[in-house]
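Residue numbers start from 1 in every chain, and the chains themselves are labelled A, B, ... in the order their sequence lines are given, proteins ahead of strands.
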2 protein chains.
Amino acid sequence: MLSKKTKYAFHALTFLGKQPNNIPVVISEIANRTKLPKKFLETILLDLKKSGILGSKMGKGGGYYLIKQTKDISLAEIIRMFNGPIALLPCASLNYYEPCEECEDEAQCGLNKMLLKVREETLKILVNKTLFDIISAEE
Amino acid sequence: MLSKKTKYAFHALTFLGKQPNNIPVVISEIANRTKLPKKFLETILLDLKKSGILGSKMGKGGGYYLIKQTKDISLAEIIRMFNGPIALLPCASLNYYEPCEECEDEAQCGLNKMLLKVREETLKILVNKTLFDIISAEE
DNA sequence: TATTAATCTATTAAAACGATAGATTATATA
DNA sequence: TATATAATCTATCGTTTTAATAGATTAATA
């Protein structure tokens, strides 16, 4: 399951992705239109900015706007950022790898091998689907 | 990510699946061999019993043993039992469906549509992989 | 210089997770 | 029938994560 933060990020991105010419939109408008809690949304937008997906402008006429192309923002990327690893266990993750305490020999562990495969196949799905596809699916 | 409970369930099942003739094994032995916390493991084994995957016998010579065939125990089944939905959001889950509060019209929601597809594809993977495959992958 | 709007720091309530303790019930066998 | 064995049940508990809010600060514009 995705956290609410992750879900909110998708909603905010979808909204901004539909904005014409990527004109900056202020937080409160994004919050109103997407029905997301404003203060919580702030932290999300900030994270998206820090990772280079959004840009921002302070002061009058400011707000947040999309920098990356919607086709270049994959589900995997957003999920990793807000939800953590794609893999089902840390021992099967490439980006967030950590060994299991109870596991004597990982190279022997059938669960690990299986979850590595699952991760691989899941990633294929999540990398190929983008914000563009989400927006295209609307209406 | 899977919870530790889910991971422990897989380890316990893998151990029992490798047992010859499905002879009952006592909790403490399962715990020792798998290196899992015994008391926590108890609750897991009980759940597995209630769902018909394991059988148990009290008293001397008792313990837990596998009832279902390893080929008939899918990853999806275990994950659902201990970890919850396969879908990434409740609104995209069939077994645990729940609408989103912020969503005015689900039929219009691009995220929902996308996650329904993801769920479908993920399920294909997780249903086709079984305890048998995990055990086969060992050594 | 006043207004606007993002950014930063700090805090908090609630839920989920992981784990343990102790009492009870069922079964086998000596 | 008594005893040992082992699952089962009830209850509790600390920690971490999640979701959310409050308030002060900085930057940009007009």
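- The nearest whole Å value for the distance from the CE atom in A:M1 to the C1' atom in D:dA19 is 17 Å.
- For residues 66-93 of chain B, the set of pairs meeting the salt bridge (Lys or Arg N to Asp or Glu O under 4.0 Å) definition, not counting sequence neighbours, comprises B:K68-B:E77.
- Within a 6.0 Å radius of CD in B:Q69, no more than 12 heavy atoms belonging to other residues, nucleotides or ligands are found.
- Applying the salt bridge (Lys or Arg N to Asp or Glu O under 4.0 Å) test to every pair with at least one member in residues 48-65 of chain A, sequence neighbours left out, gives no pairs at all.
- Secondary structure note: stems in DNA chain D built from 3 or more consecutive Watson-Crick or G-U wobble pairs under 3.5 Å occupy C:1-30 with D:1-30.
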Nucleotide-resolved protein contact map, nucleotides 2-7 of chain D, B/S/- at heavy-atom distance under 4.0 Å
---BSB
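- The distance from atom CD1 of A:I30 to atom P of C:dA5 is 12 Å, rounded to the nearest whole Å.
- When the C1' atom of D:dA20 is taken as reference, atom CD1 of A:I44 falls 10 Å away, rounded to whole Å.
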Table please: side-chain donor-acceptor pairs of residues 113-120 of chain A below 3.5 Å, with sequence neighbours left out.
from	atom 1	to	atom 2	distance (Å)
A:K113	NZ	A:A107	O	3.4
A:K113	NZ	B:A137	O	2.8

What one-letter contact string describes nucleotides 10-22 of chain C from 5' to 3', where B marks a base within less than 4.0 Å of any protein heavy atom, S marks contact via sugar-phosphate atoms alone, and - marks no contact?
--------SBBBB
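- Between A:D47 atom CG and D:dA20 atom P the separation is 15 Å, expressed in whole Å.
- In this structure, B:A87 and A:M1 approach most closely via the heavy-atom pair O-CE, 2.6 Å.
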Do any side-chain atoms of residues 24-33 of chain B form donor-acceptor pairs under 3.5 angstrom with protein atoms, and if so which ones, sequence neighbours left out?
from	atom 1	to	atom 2	distance (Å)
B:N32	ND2	B:S28	O	3.2

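- Every pair passing salt bridge (Lys or Arg N to Asp or Glu O under 4.0 Å) that includes a residue from residues 90-104 of chain A is listed here, sequence neighbours excluded: A:E102-B:K7, A:E104-B:K35.
- The minimum heavy-atom distance between B:L45 and B:A12, with the atom names listed, is CD2-CB, 4.2 Å.
- Residue B:I67 is found in a hydrophobic cluster whose other members, listed by chain and number, are B:Y65; membership requires side-chain heavy atoms under 4.5 Å apart, directly or through intermediates.
- Atom-to-atom distance recorded for B:L13:CG and B:I78:CD1 is 5.0 Å, nearest 0.5 angstrom.
- Looking at residues 88-96 of chain B, you'll see that no heavy atom sits under 4.0 Å from any atom of DNA chain C.
- Taking every heavy atom of both residues into account, B:N112 and B:C91 meet most closely at ND2-O, 2.9 Å.
- Listed by chain and residue number, A:L2, A:S3, A:T6, A:I79 satisfy the side-chain contact (heavy atoms from CB on, under 4.5 Å) test with A:N83 (two or more places apart in sequence, or in another chain).
- Residue pairs satisfying the salt bridge (Lys or Arg N to Asp or Glu O under 4.0 Å) criterion with at least one member in residues 9-23 of chain B, sequence neighbours excluded, are listed as follows: B:K18-B:E138.
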